[in-house]
Amino acid sequence: MLSFGKKKTPEIDLEQHELLEHAQKRIKQKKRLFTHFVVFLIGSVFLILINKIFKYGDTYNWFVWAITIWAFLFALHAFNVFVTQKFMGQEWERQQREKLVAKQKQRIAEIQKEIETEFPISNINKKKED
């Protein structure tokens, strides 16, 4: 007999889901960094070929400056992926989120207190009874 009941789906708790999302994000960052590295290598060879082989601006070795600037940008990218992520990674984001939620809760409590002082519930009840 065929069963048309609901499929059993494995339930992933919130923490596992966050870990999975974080892992996917890190994989994507590293993949982009390695792609940047390959493009940097190919682009550097291409710049040297343009300058030396095709004699574009051959009176000056401009490719050295172009590759140096590109290498600096690649180093910034690598620093962001491997160093900054450790200081401002998932735990840092969680702490920032908790701080913002706490500030919002505090502000809501302040607004409620202002409303209660300006419009006390006892006065509202008295007006309804009259």
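Bear in mind the structure is a predicted one, so any value in this text is a computation, not a measurement.
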- Message: Taking CH2 in Trp65 as the centre, count heavy atoms belonging to other residues, nucleotides or ligands within less than 6.0 Å. Is the count above 12?
- Response: no

Indicate every side-chain donor-acceptor pair of residues 18-27 with a distance under 3.5 Å to a residue at least two apart or in another chain.
| from | atom 1 | to | atom 2 | distance (Å) |
| --- | --- | --- | --- | --- |
| Glu21 | OE2 | His17 | NE2 | 2.8 |
| Lys25 | NZ | Glu93 | OE2 | 3.2 |
| Arg26 | NH1 | Gln29 | OE1 | 2.8 |
| Arg26 | NH1 | Val81 | O | 2.8 |
| Arg26 | NH2 | Val81 | O | 3.2 |

Asn51 and Tyr60 have their tightest heavy-atom pair at ND2-O, 3.2 Å

Distance col, row Trp92:CH2 vs Arg97:CZ, nearest 0.5 angstrom, shows 10.5 Å

Do Leu41 and Phe74 have side chains that approach each other closer than 4.5 Å (heavy atoms only, starting at C-beta)? no

>> Quick check on Phe82: does its CZ atom have over 12 non-hydrogen neighbours (other residues, nucleotides or ligands) under 6.0 Å away?
In response: yes

Under a side-chain separation threshold of 4.5 Å, the hydrophobic residues clustered together with Ile42 are Val38

What one should report as the nearest heavy-atom pair of Ala66 and Leu47 is CB-CD1, 3.8 Å

In this structure, NZ of Lys30 is separated from CZ of Arg32 (nearest 0.5 Å) by 14.5 Å

Is Arg107 salt-bridged to Glu110, cutoff N-O under 4.0 Å?
yes

Salt bridge (charged side-chain N to carboxylate O under 4.0 Å, His left out) filter on Glu114, not counting sequence neighbours, yields none

Check your understanding: Parallel, tilted or perpendicular for Phe40 and Trp70, by the 30°/60° rule?
Key -> perpendicular

Value for CD1 (Ile67) from CD1 (Ile48), rounded to nearest 0.5 Å, stands at 4.0 Å

ask   = Can you tell if the side chain of Phe63 reaches within under 4.5 Å of the side chain of Lys52, non-hydrogen atoms only?
value = yes

Review point. Are Phe46 and Val39 connected, step by step, through hydrophobic side chains (Ile, Leu, Val, Met, Phe, Trp, Tyr) whose heavy atoms are closer than 4.5 Å?
Key: yes

